[in-house]
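Single-structure report; data block below.
Order of listing sets the numbers, starting from 1, for every ligand and every atom in it. Values below: all heavy atoms of this structure, side chains included; hydrogens, waters and symmetry mates excluded.
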Amino acid sequence: MYSILYKAVSTCNLDKSEILYLLKTEENAKIFSAADKVRKEHVGDKVHLRALIEFSNYCKQNCLYCGLRRGNAKVTRYRLDPQEIINLAKKAAEYGYKTIVLQSGEDLYYTIDRMSKIISEIKKFDTAVTLSIGEKTFEEYKAYREAGADRYLLRIETTDEVLYDKLNPGMSLKNRMRCLEDIKRLGYEVGSGIMVGLPGQTIESIAKDIIYLKSIPVDMAGIGPFIYHPDTPIEKTEGNCFELALKVMAILRLLMPDINIPATTAMETLNPNGRLIALQCGANVVMPNATETAYRKHYEIYPGKICIGDSPKHCRFCIENKIKSINRNVAESKGYHRSNS
Ligand code: SAM
Ligand code: SF4
Ligand code: FES
């Protein structure tokens with residue numbers, strides 16, 4: 001155990017069998033503590049906040065795991081007007097956020113023109129802009145980059161092709177990888193990641209996922225536990241994969257010491273202190289919800305999502321207080337990966 005941790009910390013490289021050893025061991029506390037030290041040494045104690053605006057829950061895709069899938073007729077669909085999105089981003093910038101994350105299902109209403117306008121207007125608030133709006137063509141990614149978008153989040157979800165095909169009807173792992181390559185080529189900071197605990201997912205495939213994320217290499221890696229949604233056709237999983245998700249995150253910190261790693265909302269859904277625990281096991285980013293309260297309950301990717309009844313202002317100050325309670329502080333910079341190194 002110690003020799004693997006020593007190798008990880010001193011070389012930032014582990015082979016698949018060593019990653020598997022860490023994924024299988026029960027000595028998690030040692031991994032978490034090593035990841036926390038690496039985080040402190042390479043990206044410091046500051047926590048970067050990213051304001052998450054969930055601007056549309058319409059989606060043309062049908063991912064088996066997701067509550068927003070087009071086949072879920074129980075969802076009350078909403079989409080925000082471009083001006084509403086811009087106003088929300090302005091408010092978030094006034095609350096001190098330095099990054100605005102625009103997230104949605106794959107909604108065709110937002111054409112290149114509409115989306116580009118939203119991005120360029122938000123850039124006037126002197127914030128970084130991150131997009132998390134799914135699979136697009138090279139031309140679309142290019143237009144959004146030219147409009148001013150700085151970063152793009154697109155989780156690979158799993159690199160197990162058989163599992164990917166089963167969970168993502170009409171989509172392909174190859175195309176998802178193509179999207180990430182395009183995003184990288186266009187000069188975005190690349191955010192990707194996986195879900196941990198998907199039915200049918202193996203520890204071996206998670207080890208391969210980790211190697212894939214390092215090979216890109218990502219600027220940001222978001223690891224979320226899978227949470228079963230009863231209005232989806234996916235097989236129900238038993239047990240809580242919070243600890244395993246935390247471990248995958250900690251291993252990524254060891255292998256990619258200076259990237260941005262969020263303490264994910266899904267972690268806090270499974271554990272009331274999930275985000276603070278994650279911040280002490282390698283994470284350095286939090287993405288508080290900055291969507292108006294009225295819409296939040298309709299963006300139900302999975303049940304039990306935190307902050308459903310809260311306002312953008314409440315979440316902004318709630319998270320800052322939580323961060324201070326572990327003797328960390330909110331960063332004042334935009335938190336680019338490149339400035340971490
Ligand atoms: N549509 C875009 C996409 O898929 O990239 C962005 C929005 S999507 C809701 C954001 C992320 O939610 C996905 O990348 C996936 O990892 C996560 N997600 C979806 N269903 C989930 C579930 N049941 N449990 C945990 N995370 C889930
Ligand atoms: Fe749509 Fe994204 Fe949900 Fe898939 S994960 S159904 S693409 S919102
Ligand atoms: Fe939303 Fe605490 S961050 S209520």
Judged by modelled atom types alone, do [X] and [Y] share a side-chain donor-acceptor pair under 3.5 Å?
| X | Y | result |
| --- | --- | --- |
| Y144 | E139 | no |
| K46 | N329 | no |
| Y336 | D150 | yes |

Atoms of the protein (N/O/S only) found under 2.8 Å from atom 3 (Fe) of ligand 2: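 Checking every protein N, O and S atom gives C66 SG.
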
Test: R296 and E54 ion pair at under 4.0 Å: no

Residues E94 and K90 bridged, charged N to O under 4.0 Å: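 Here E94 pairs with K90 in a salt bridge, since their nearest N and O are under 4.0 Å apart.
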
Nearest-neighbour protein heavy atom for atom 22 (C) of ligand 1, which is reported as residue plus atom name and distance: I227 O, 3.6 Å

Taking atom 18 (N) of ligand 1 as the reference point, the nearest protein heavy atom with its distance: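 Nearest neighbour among protein heavy atoms for atom 18 (N) of ligand 1, to 0.1 Å: I301 CG2, 3.4 Å.
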
Checking [X] against [Y]: charged group under 6.0 Å from the ring centre and within 45 degrees of the axis?
| X | Y | result |
| --- | --- | --- |
| R178 | F138 | no |
| R114 | Y109 | yes |
| R50 | Y97 | no |
| R145 | Y188 | yes |

For ligand 1, which part of [X] has a heavy atom less than 4.0 Å away: the side chain, the backbone, both, or neither?
| X | answer |
| --- | --- |
| Q61 | neither |
| Y152 | neither |
| F226 | both |
| Q103 | side chain |
| S132 | both |

Check: E106 N/O within less than 3.5 Å of ligand 1 N/O: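 No.
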
K142, NZ: over 12 other non-hydrogen atoms inside 6.0 angstrom: no

Within 6.0 Å of NZ in K305, more than 12 heavy atoms from elsewhere: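 Yes, enclosed.
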
Distance-minimising heavy-atom pair for D45 and R328: O-NE, 2.9 Å

Closest non-hydrogen atom pair between L22 and K247, with its separation: O-NZ, 2.9 Å

Protein residues having a heavy atom less than 4.0 Å from any atom of ligand 3: R275, C307, D310, H314, C315, C318

Would [X] count as a contact residue for ligand 1, given that I'm defining contact as a non-hydrogen atom of the residue lying under 4.0 Å from a ligand atom?
| X | value |
| --- | --- |
| S104 | yes |
| P225 | yes |
| R69 | no |
| Y299 | yes |

Distance flag for atom 2 (Fe) of ligand 2, protein heavy atom under 4.0 Å: no

Atom 20 (N) of ligand 1: any protein heavy atom closer than 4.0 Å: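 Within 4.0 Å of atom 20 (N) of ligand 1, protein heavy atoms are found.
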
Side-chain heavy atoms of D107 within contact of K60, under 4.5 Å: no

Y78 and H298 aromatic ring geometry - parallel, tilted or perpendicular at 30°/60° bounds: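 Judged by the thresholds at 30° and 60°, the geometry between H298 and Y78 is tilted.
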
Between [options], flag the one that comes closest to [atom] by a heavy atom.
| atom | options | answer |
| --- | --- | --- |
| atom 11 (C) of ligand 1 | R155, K305, M195, M171 | R155 |
| atom 5 (O) of ligand 1 | E135, M267, R176, E300 | R176 |
| atom 15 (C) of ligand 1 | E157, H229, K60 | E157 |

Ring centre gap for F55 and Y110 strictly below 6.0 Å: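 That pair passes the under 6.0 Å test.
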
Y65 vs Y228, ring pair (Phe, Tyr, Trp, His ring centres under 6.0 Å): CA-CA, chis, key distance, verdict: CA-CA 7 Å; Y65 40 77; Y228 171 73; over 10 Å; no

Single hit among Q103, R151, R155 for side chain to side chain donor-acceptor pair (under 3.5 Å) with S132: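 Answer after filtering Q103, R151, R155: Q103.
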
Which of the ligand 1 atoms, numbered from 1, are nearer than 4.0 Å to a heavy atom of C66: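 It comes down to these atoms of ligand 1: 19 (C), 20 (N).
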
